[in-house]
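Report on one structure; see the data block that follows.
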Amino acid sequence: MLDKKYNHLDVEKDRYENWKEKGYFTCGDVSKKPYAIVIPPPNVTGKLHIGHALDTALQDIIIRFKRMQGFDCLWLPGTDHAAIATEAKVVARLKENKINKYELGREGFLKECFKWSDEHKNFIHEQWAKLGLSVDLTKERFTLDEGLSEAVKYVFVNLYEKGLIYRGEKIINWDPVAKTALSNEEVIYKDIEGAFYHLKYFIEGSNKYLEVATTRPETLFGDTAVAVNPNDERYKDLVGKNVILPIVGKSIPIILDEHADPTFGTGVVKITPAHDPNDFEVGERHNLPRIKVINEDGTMNELALHYQGMSRFEARDALVKELEEKDLLIKVEKITHSVGHSERTNAIVEPYLSKQWFVNMESLSKRVLENQKNKDTKVNFIPPRFEKIMNNWMSDCHDWCISRQLWWGHRIPAWYKNDEVYVGMNPPEGEGWVQDEDVLDTWFSSALWPFSTMGWPNKTDLYERYFPTDTLVTGYDIIFFWVCRMTFQSLEFTNKRPFKNCLIHGLIRDKLGRKMSKSLGNGVDPMDMIQEYGADALRYYLTTTSAPGMDIRFDEEKLRATWNFINKLWNASRFVLMNIDGVKEINLDNLNDSDKWLLTRLNYTIRDVTKYMEKFEFNNVNSYLYSFIWNDFCDNYIEMAKFSSNEEGTKSTLLYALTAILKMLHPFMPYVTDLLYNELPIKDENIMISDYPKMNKKLIFKDSEEKVNEIIEFIKNYRNTLKENNITSKYQVKINFDEKLIIKMLKLDEKIIDEDLKITSFKVATKRYEAIIYFEKEITDEDLLSQKKKIEELKNSIKKRVALLSNEAFTSKAPKELVEKEKNKLQEEKEQLEKMSV
RNA sequence: GGGCGAUUAGCUCAGUUGGUUAGAGUACUUGCCUUACAAGCAAGGUGUCAUAGGUUCGAGUCCUAUAUCGCCCACCA
């Protein structure tokens, strides 16, 4: 027998191990149709956050639903080595022990990284288990696995051979803390306080000067020109002259370039090709030298003269002071401007001239855009609006910088000997070749995830059977980090989309709508919530609380309400189990009206729930399931069933309905439904491999549905009348019907009389049931008023409906069913009014 | 500057291809320990659907503006 109260800790204990041992998570039944999802691999950096809980719960719901529908389901799990993120963490851990990565050397450092990633993989496994995720652990992959590394190399070499990967010297985003290049997507722009420094650049051979405004005076050592706009009349006569670089004393030309905006500041721009992407382009156009004045670690180099060795920021302060002393500073204007920060180290990113590897995005992105036009082969975003994000990014993307000056990652398969470059799967033969020191951007390997995890480029059984995958689930924040890149790599290398559907969910915010972040300390640990409310409640709450793609404000009150819902399910199950003694088979041949009513409602629910499960609209699934379970099943049916619990039909209906309820809830709350299902007298081996309920048209009973609906309505009206008129114990009732259910539910037995009494009376009436309640009491004005009000309301409604139905525009243009429905309603209302007017 | 989303009950959110009296949870009021559940039951009140126009027999839903809030991208010498 079940405990009186639902205890999630007891329920969820040890259950996962059992599923795993039985092999329920393992795919491979070739007699069934395949259905595949690959998990977005979490980084091996830390613990899973609440967003992971949402993302993985959604996938588990889909997989469990499809599994019960009879698909052979592969949910492929894995983890991401997360190049820079992990490397930063390991460096930090080593630092605690006062160890520097360079002292350790590449090999030693990688050993530390593997140690770290193994630890975190274990941690992630534990959390997946707590969440109840039915991932196929026999197929687990890691982005640095041998197979995946082969795929990465293959793709690199192939793109290189096609000319889509090249090595070039460009301005890239440099992280001076991690000392590596970053892609544009790894740079986060934040508004910070800064200043415009207005400097004097004296015109050569003159005592006049140009006023040059800059936010980064320390880069002036790298200036190789100043530019003005060709249409700027103010500086027309200066063309061809030179200015003297302050402090340095060097002469640099005044050039004409569109880049200078005459309406911005003084209209004069200093050009530092080695330290600014726009200036770099200006430099290209005018053939200017590129002078680097900053080192990899963000300190100034020898070209910065006496500022050598200072950090960028120290040098700025000191330089400004010197400029001021030498009367070369005109003014300092405080401004707020957005400055790029490294996503991982939070260091201010330095635009930096350096030799890196790039992917040419032109043809790859074009192919994605083309493919999205074909509705049979496109990636279907759910909700559809997110397709625009991918398309926008794909129609305006720059070449992708893929080399990283890190150790943790896939080493670039390029070797150099003097000026020769060799790119290949294996090291070149012969002496003197040195492999590129750099590794690839972590997203380069994640981009291959849906097929590299299945053994590609080998034609494995796994790949042949499950690729392209069916559905990818992820947050909108990584559409261009990841979804876009998977799509173009997949189209390029497999000629197929990586997944048919891409289900996009929102971000989880705190109660006030703020992003969860470490600095605010407003994060919610899913493991804490599981401890407090159970994984079942957390999963159900997170996945059903909002419409697809919308952000969620995390609200513990709602999570608690979900726990209450499970407690309700628990107790309803107790009731059923207490009342189905001796049932050996489900027999639905002899049913009473309330049984038929419940089965009818159940079948509608199965139909609606299935429809919305297929569409991934879990909030709608909830609204149908919740109201069916709580209102129809518990509040109405169980109460009615108490009067017929000895009947075979009712016992069977209770069991049949509970079985279907548990199955429909199972994808969301696997633990509690597994336990409750096991208590049932008639069951399959396990709920997670049982059949999903199907609508059965034979179990739709329209007449009983209508009748019991009216009974419920009558009961409600009756109780309302008692309550409103404060009728407590002593009253008598005259009725026009012999409906046992109403009599029992309202406990009318001892109150029924046959004759009319000449005392206060209230009438309760629906279409076919009518009761007059006699009550010893003076009718107060208030009573009269409330009765009058009801009649008024009814009259108004009738008036409105009559007007509507006499509107010819409506009757001729509206659908016939609707007009018919309105007519029926009008008829009903008229009848009711007649009955109410005593 | 370009794009996206939101605005509905005190709060948090749903609202299907337009269908005529707009829903849920929570909070609130009242009465109940009715042997599944008081973390419950019964009954109840709650709305200028951001604003202004328009289309339509009919608009929370479609169209056009506007306002406020949030997010993304680009630019920021």
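All chains are named by letter (A, B, ...) in the order of the sequence lines, taking the proteins before the strands, and each is independently numbered beginning at 1.
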Expressed as a whole number of angstroms, how long is the span from A:N720:CG to B:U29:P? 19 Å

Looking at A:N620, does any N or O in its side chain come under 4.0 Å of the phosphate oxygens OP1/OP2 on B:A14? no

Calculate the interatomic distance between A:N717 atom CG and B:A42 atom P; express it in whole Å. 15 Å

So what does A:T545 hit on the nucleic acid, given a heavy-atom distance under 4.0 Å: a base, only sugar-phosphate, or nothing? sugar-phosphate

N/O-N/O pairs, protein side and nucleotides 45-50 of chain B side, under 3.5 Å:
none

Which nucleotide, if any, forms a Watson-Crick or G-U wobble pair with B:C41, using both distances under 3.5 Å? B:G31

Check: B:U26 base within 3.5 Å donor-acceptor of A:K558 side chain: no

Mind checking if A:Y6 touches a base, just sugar-phosphate, or nothing, with heavy atoms under 4.0 Å? nothing

Whole-Å distance, A:K800 NZ to B:G19 C1', equals 14 Å

Straight-line distance of A:T653 OG1 to A:L598 CG, nearest 0.5 Å: 7.0 Å

Which nucleotide, B:G70, B:C76, B:C13, lies nearest any side-chain atom of A:Y189? B:C76

Of the nucleotides B:A77, B:C37, B:U21, which has the atom closest to the A:N571 side chain? B:C37

Considering only atom C1', compute the distance from B:G60 to B:G15 and round it to an integer number of Å. 8 Å

Using atom P in both nucleotides, what's the gap between B:C11 and B:A50 to the nearest angstrom? 14 Å

If the C1' atom of B:A59 is compared with that of B:U21, how far apart are they to the nearest Å? 16 Å

Indicate, with a heavy-atom threshold strictly under 4.0 Å, whether A:I638 touches base, sugar-phosphate, or nothing. base

For A:A814 and A:N392, take the nucleotide of RNA chain B holding the closest heavy atom to each; which residue's nucleotide lies nearer the 5' end? A:N392

Would you say the side-chain atoms of A:T650 pair up with the backbone N or O of A:N646, donor to acceptor, closer than 3.5 Å? no

Give the nucleotide from the list B:U26, B:C76, B:U56 with an atom nearest to the side chain of A:K813. B:U56

Work out how far the P atom of B:U30 is from that of B:U35, and round it to whole angstrom. 24 Å

B:A14 base / A:E617 side chain donor-acceptor hit below 3.5 Å: no

Determine which nucleotide pairs with B:A24, using a 3.5 Å limit on both distances of a Watson-Crick or G-U wobble pair. B:U12

Among B:C71, B:A77, B:C37, find the nucleotide with the atom closest to the side chain of A:K270. B:A77

Counting distance alone, no hydrogens or angles: does the base of B:U34 have a donor or acceptor under 3.5 Å from a partner atom on the side chain of A:K747? no

Flag side-chain contact, heavy atom, 4.5 Å: A:C634 against A:K568: yes

Which nucleotide, in any strand shown, forms a Watson-Crick or G-U wobble pair with B:G19, with both distances under 3.5 Å? B:C57

A:R560 CZ - B:A39 P separation (whole Å): 12 Å

Taking the side chain as everything from C-beta on, heavy atoms only, tell me whether A:N392 gets closer than 4.5 Å to A:F480. no

Check: A:L676 main-chain N/O paired with A:W570 side-chain donor or acceptor under 3.5 Å: no

When you measure from the side chain of A:R574, which nucleotide among B:A14, B:G25, B:C37 comes out closest? B:C37

Does the side chain of A:E185 reach to within under 4.5 Å of the side chain of A:W393, using non-hydrogen atoms? yes

Which whole number of Å gives the distance between the C1' atom of B:A77 and that of B:G3? 27 Å

Do A:H337 and A:T215 make a side-chain contact, defined as non-hydrogen atoms from C-beta onward lying under 4.5 Å apart? yes

A:R509 side chain: which of B:A77, B:C76, B:C71 is closest? B:C71

Closest to side chain of A:W630, choosing from B:U21, B:A6, B:C41: B:C41

Would you say the base of B:A24 stacks on A:Y626 (centre-to-centre below 5.5 Å, plane angle below 30°)? no

Can you check the A:I188 CD1 to B:C72 C1' distance for me, whole Å? 11 Å

Whole-Å distance, A:N636 CG to B:A42 C1', equals 12 Å

What does A:E387 touch in the nucleic acid at a heavy-atom separation under 4.0 angstrom: a base, only the sugar-phosphate, or nothing? nothing

When the P atoms of B:C33 and B:G25 are compared, how many Å lie between them, rounded to an integer? 24 Å

What nucleotide, of B:A36, B:C71, B:C72, holds the atom closest to the side chain of A:A572? B:A36

Starting at atom NZ of A:K642, determine the distance to atom P of B:U34, rounded to an integer number of angstrom. 11 Å

Within a strict 4.5 Å, meaning less than it, do heavy atoms of the A:K823 and A:Q827 side chains meet? no

Per the atom types in the model, does the base of B:C4 pair as donor or acceptor with the side chain of A:K388 at under 3.5 Å? no

Comparing A:F633 with A:N807, nearest RNA chain B nucleotide closer to 5' gives the residue A:F633

Using the P atom in both, what is the distance from B:U7 to B:U61, to the nearest Å? 12 Å

Nearest to side-chain heavy atoms of A:N567, which nucleotide of B:A77, B:G70, B:A39: B:A39

Within the pair A:R553 and B:U12, is there a side-chain N or O less than 4.0 Å away from OP1 or OP2? yes

Could you tell me how far apart A:I255 (CD1) and B:A77 (P) are, to the nearest whole angstrom? 17 Å

Just so I know, are the side chains of A:H275 and A:V293 near enough to count as touching, which here means a heavy-atom distance under 4.5 Å? yes

If pairing means Watson-Crick or G-U wobble with both distances under 3.5 Å, then the partner of B:A65 is B:U51

Base, sugar-phosphate or nothing for A:E639? Non-hydrogen atoms, less than 4.0 Å. base

Rounding to an integer number of angstrom, what distance separates B:G53 and B:C69 when you compare their C1' atoms? 24 Å

Of the options B:A77, B:G44, B:A36, whose atoms approach the side-chain atoms of A:H337 most closely? B:A77

Give one of base, sugar-phosphate or nothing for A:K716, where a contact means two heavy atoms less than 4.0 Å apart. sugar-phosphate

Any base atoms under 4.0 Å from A:S797, or only sugar-phosphate, or nothing? Heavy atoms, all strands. base

Taking the side chain from A:D536 and the backbone from A:V672, do they hold a donor-acceptor pair closer than 3.5 Å? yes

Kindly indicate whether the side chain of A:K4 and the base of B:A36 share any N or O donor-acceptor pair separated by less than 3.5 Å? no

A:K825 side chain near B:U21 phosphate (N/O to OP1/OP2, under 4.0 Å): no

Just checking A:D635: base, sugar-phosphate only, or nothing, at a heavy-atom cut-off of under 4.0 Å? sugar-phosphate

Do A:V212 and A:T266 make a side-chain contact, defined as non-hydrogen atoms from C-beta onward lying under 4.5 Å apart? no

N/O donor-acceptor pair under 3.5 Å between A:Y6 side chain and A:L569 backbone: no

